[in-house]
Amino acid sequence: MKSIVILISGRGSNMEAIVQGCAAEGWPARVVAVIANRSDAAGLRFAAAHSIATAVVAHKDFATREAFDDALAGAIDAFAPDLLVLAGFMRILGERFVRRYEGRLLNIHPSLLPAFPGLHTHQRAIEAGCKLSGATVHFVTPELDHGPIVLQSVVPLRADDDAQALADRVLATEHRIYPLAVRWFVEGRLRVVDGVVRHVDRAPQWLAFLGPEGGAG
Ligand code: NHR
Ligand code: GAR
């Protein structure tokens, strides 16, 4: 049985999708804690309602990023996780923190990396005239949004898209790919060689949502 700790900053809908996928599909894993960097993160209520331990390590309480990272690592290590999952976690983590969890630290980013690392991805994709966007689950490395890619979703842009409409469609696909990627990790199906992630059974590492659900409709 693998232990999973999930870090959130807000709504936590990706965290919910992982908790529900784990329970419904009987993964060899358990979400043992949900930790937020803000006490008002809405997802904390869902976790508590599902009898998952919660904690808050508020970045505002720390003078430096390193002090925050160290306090966060202390809270995480109390649960001895095999896997640490960033799910809408909005603080950049320092190199020492990332190295501590390297190889067992996943993030989901709402773009087709390596395009549009960082913030405001949907607005930037629209302004660039992209015809496709999506989301990327990747292992976290010290360089922001540059780690080995586990799984991607593909979502067409619509001519009349605004950032919110695109974000909503991409988010729906995040709820499909993030639980799948976490499942692959806890089942030991991922191998990383020279910075490239392969599924041991060669499962396709992308999902396209071209129909009404995510796509052009
Ligand atoms: N840390 C490292 N080292 N590497 C990554 O790949 C990380 C990471 C921390 C978070 C998630 C991320 C994303 O998927 C993530 C990936 C926050 C920011 C940011 O600029 C950027 C990317 C991501 C998360 N945060 C501001 C900061 O100063 C604060 C913004 C806010 O609080 O709203 O930390 O895109
Ligand atoms: C998701 O779209 C996630 O990809 C994105 O924030 C949203 C969080 O939603 N993450 C980032 O932008 C990281 N910088 P959620 O809290 O409902 O999972």
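Note that ligands are numbered from 1 as they come in the structure, with each ligand's atoms numbered from 1 the same way. The figures that follow rest on heavy atoms only: side chains count, while hydrogens, waters and symmetry mates do not.
- Looking only at heavy atoms of the protein, atom 1 (C) of ligand 2 is closest to E174 OE1, 3.1 Å.
- Every atom of ligand 2 with a heavy atom of L171 under 4.0 Å away is listed here by number and element: 1 (C), 2 (O).
- Under the 4.5 Å side-chain criterion, counting only non-hydrogen atoms from C-beta, D69 is not in contact with R96.
- Taking atom 13 (C) of ligand 2 as the reference point, the nearest protein heavy-atom neighbour is M90 SD, 3.5 Å.
- The shortest side-chain heavy-atom distance between L72 and F62 does not fall under the 4.5 Å cut-off.
- By heavy-atom distance, the residue among A41, S13, A167, G88 lying nearest atom 6 (O) of ligand 2 is G88.
- Residue-level proximity to ligand 2 for N14 is carried by backbone and side chain together, each with a heavy atom below 4.0 angstrom.
- Side-chain contact between I18 and Y178 is present, with at least one heavy-atom pair separated by less than 4.5 Å.
- Residue contact check for ligand 2: I8 places no non-hydrogen atom closer than 4.0 Å to it.
- Ligand 2 places these atoms under 4.0 Å from at least one heavy atom of I108: 4 (O).
- Proximity of R91 to F97: side-chain heavy atoms (C-beta onward) are nowhere separated by under 4.5 Å.
- Pairs passing the side chain to side chain donor-acceptor pair (under 3.5 Å) check and including a residue from residues 73-84, sequence neighbours excluded, read D77-R100, D77-Y101.
- The side-chain heavy atoms of L83 and V186, taken from C-beta on, include a pair separated by under 4.5 Å.
- Looking only at side-chain heavy atoms (C-beta outward), E102 and P142 come within less than 4.5 Å of each other.
- Contact between G12 and ligand 2 is present, with at least one heavy atom of the residue lying under 4.0 Å from the ligand.
- Here the heavy atom of the protein found nearest to atom 9 (O) of ligand 2 is R11 NH2, 3.0 Å.
- In this structure the side chain of E187 reaches within 4.5 angstrom of the side chain of P28, judged on heavy atoms.
- Residues forming a ring-ring contact (aromatic ring centres under 6.0 Å, His included) with W27 (at least two apart in sequence, or on another chain): none.
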For ligand 1, find each of its N or O atoms that sits under 3.5 Å from a protein N or O atom, and tabulate the pairs with distances to one decimal place.
residue: ligand 1; atom: 1 (N); partner: L93; partner atom: N; Å: 3.1
residue: ligand 1; atom: 3 (N); partner: L93; partner atom: O; Å: 2.8
residue: ligand 1; atom: 3 (N); partner: T141; partner atom: O; Å: 3.4
residue: ligand 1; atom: 3 (N); partner: P142; partner atom: O; Å: 3.3
residue: ligand 1; atom: 4 (N); partner: T141; partner atom: O; Å: 3.0
residue: ligand 1; atom: 6 (O); partner: D145; partner atom: N; Å: 2.7
residue: ligand 1; atom: 14 (O); partner: N107; partner atom: ND2; Å: 2.7
residue: ligand 1; atom: 14 (O); partner: H109; partner atom: ND1; Å: 3.0
residue: ligand 1; atom: 14 (O); partner: D145; partner atom: OD1; Å: 3.2
residue: ligand 1; atom: 25 (N); partner: M90; partner atom: O; Å: 2.9
residue: ligand 1; atom: 28 (O); partner: R65; partner atom: NH2; Å: 2.6
residue: ligand 1; atom: 34 (O); partner: R65; partner atom: NH1; Å: 3.2
residue: ligand 1; atom: 34 (O); partner: R65; partner atom: NH2; Å: 3.4
residue: ligand 1; atom: 34 (O); partner: I92; partner atom: N; Å: 2.9
residue: ligand 1; atom: 35 (O); partner: H109; partner atom: ND1; Å: 2.7
residue: ligand 1; atom: 35 (O); partner: D145; partner atom: OD2; Å: 3.3

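- The salt bridge (charged side-chain N to carboxylate O under 4.0 Å, His left out) analysis of residues 116-143, with sequence neighbours excluded, yields no pairs.
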